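Quick note: residue numbers are just sequence positions, from 1. Atoms considered below: every heavy atom in the structure, side chains included; atoms not considered: hydrogens, waters and symmetry mates. Keep in mind the model is a prediction, meaning the values are calculated, not measured.
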Amino acid sequence: MTDIILNQIINQNTKVGQRIKSEAVFDSLFPNFMEVKYEKPSDYIRIYWEEYQKHPEGNNNFNGEIFVYVLATLFVREGILPIYMSAKVAFVPNVIYDLMFYSVERGPICISAKTSIRERYKQADLEAIALKYVHRKALCFLVTLEEKEAKSVKAKIKSGDVIGLDSVVVATSDDFDELIQELKKFQFSEPSNCKSY
């Protein structure tokens, strides 16, 4: 059953050659993601990421995809479903969202997953603005592993220099655990305007 869920999540990715390689790397980290023991969501991320860092294939080519897989499998473990990877939203052209949920209360909720932010927060912000232009109540979160960069972007959100993102969250922090608890309050369903590719 867990292999079916994982394959459904991973097979939504569009880069077939790289997907097969990164899927193999992800599969080799733990025999079954449903059996990884953790106390809180941030622990799950930390456990997986530390194991990946030790992997001989662990390199910058796979960092982003592995991070998305880890987040996606955590959402499965936490019962936050359905989840869409590499999702396109109707009337939001040329944007592919890393992870997307559809809530009855707010509509689309997107997660932009970046192992490090640097200048990429600008892309995540533009994608969030595009989504909110069509879906006014949508929520957009940037999830990262870089604390220092996250603080900088949080300050930009607070000052109004970043207007699309609702928050930036470090995946190994207590803030991430709080985000997961907040997401669990929503009622998720299958949308008619969100597609995975």
Can you confirm if the aromatic rings of Tyr44 and Tyr48 lie within a centre distance of less than 6.0 Å?
yes
Please confirm whether the ring centroid of Phe101 lies under 6.0 Å from the ring centroid of Phe75.
yes
Do you know which two heavy atoms are closest between [X] and [Y], and how far apart they sit?
X      : Y      : result
Ala171 : Leu145 : CB-CD2, 4.1 Å
Val68  : Ala113 : CG2-CB, 3.8 Å
Ala130 : Val92  : CB-CG1, 3.8 Å
Ala124 : Leu142 : CB-CD1, 4.2 Å

Would you say that [X] contacts [Y] through its side chain, given a criterion of any heavy-atom pair below 4.5 Å between the two side chains?
X      : Y      : value
Val89  : Val134 : no
Tyr38  : Ile45  : no
Glu178 : Val169 : no
Val170 : Lys148 : no

side-chain contact (heavy atoms from CB on, under 4.5 Å) partners for Ser103, two or more places apart:
Glu105, Arg106, Ile109, Phe186, Phe188
Heavy-atom count check: over 12 atoms from other residues, nucleotides or ligands less than 6.0 Å from Glu39 CD?
no
Run the side-chain contact (heavy atoms from CB on, under 4.5 Å) test on Tyr84 and Leu99 for me, step by step, so that the C-alpha distance in whole Å, both residues' side-chain angles and the decisive distance to 0.1 Å come before the verdict.
CA-CA 6 Å; Tyr84 301 90; Leu99 298 165; over 6 Å; no
Please check if the side chain of Arg77 supplies one atom and the backbone of Val36 the other of a donor-acceptor pair under 3.5 Å.
yes
Could you check Lys40 against Asp174 for salt bridge (Lys or Arg N to Asp or Glu O under 4.0 Å), going step by step and ending with a plain yes or no?
CA-CA 9 Å; Lys40 52 188 182 176; Asp174 291 340; 3.3 Å; yes
Does the side-chain contact (heavy atoms from CB on, under 4.5 Å) test come out yes or no for Thr73 and Phe26, once each step is laid out?
CA-CA 11 Å; Thr73 56; Phe26 183 83; 3.7 Å; yes
Does a donor on one side chain sit under 3.5 Å from an acceptor on the other, for [X] and [Y]?
X      : Y      : result
Tyr69  : Ser22  : yes
Lys156 : Tyr121 : yes
Asp177 : Ser42  : yes

Which residue is it: Glu119, Glu127, Arg120? I am looking for the one with a side-chain hydrogen bond (donor to acceptor under 3.5 Å, both in side chains) to Gln123.
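Among Glu119, Glu127, Arg120, the one that satisfies the side-chain hydrogen bond (donor to acceptor under 3.5 Å, both in side chains) with Gln123 is Glu127.
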With rounding to the nearest 0.5 angstrom, report the CD1 to CG distance, Ile111 to Leu179.
5.5 Å
With a 4.0 Å cut-off on N to O distance, would you call Asp43 and Lys37 a salt bridge?
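No, this pair does not count.
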Does Asp161 come within less than 4.0 Å of Lys122, counting only side-chain N to carboxylate O?
no
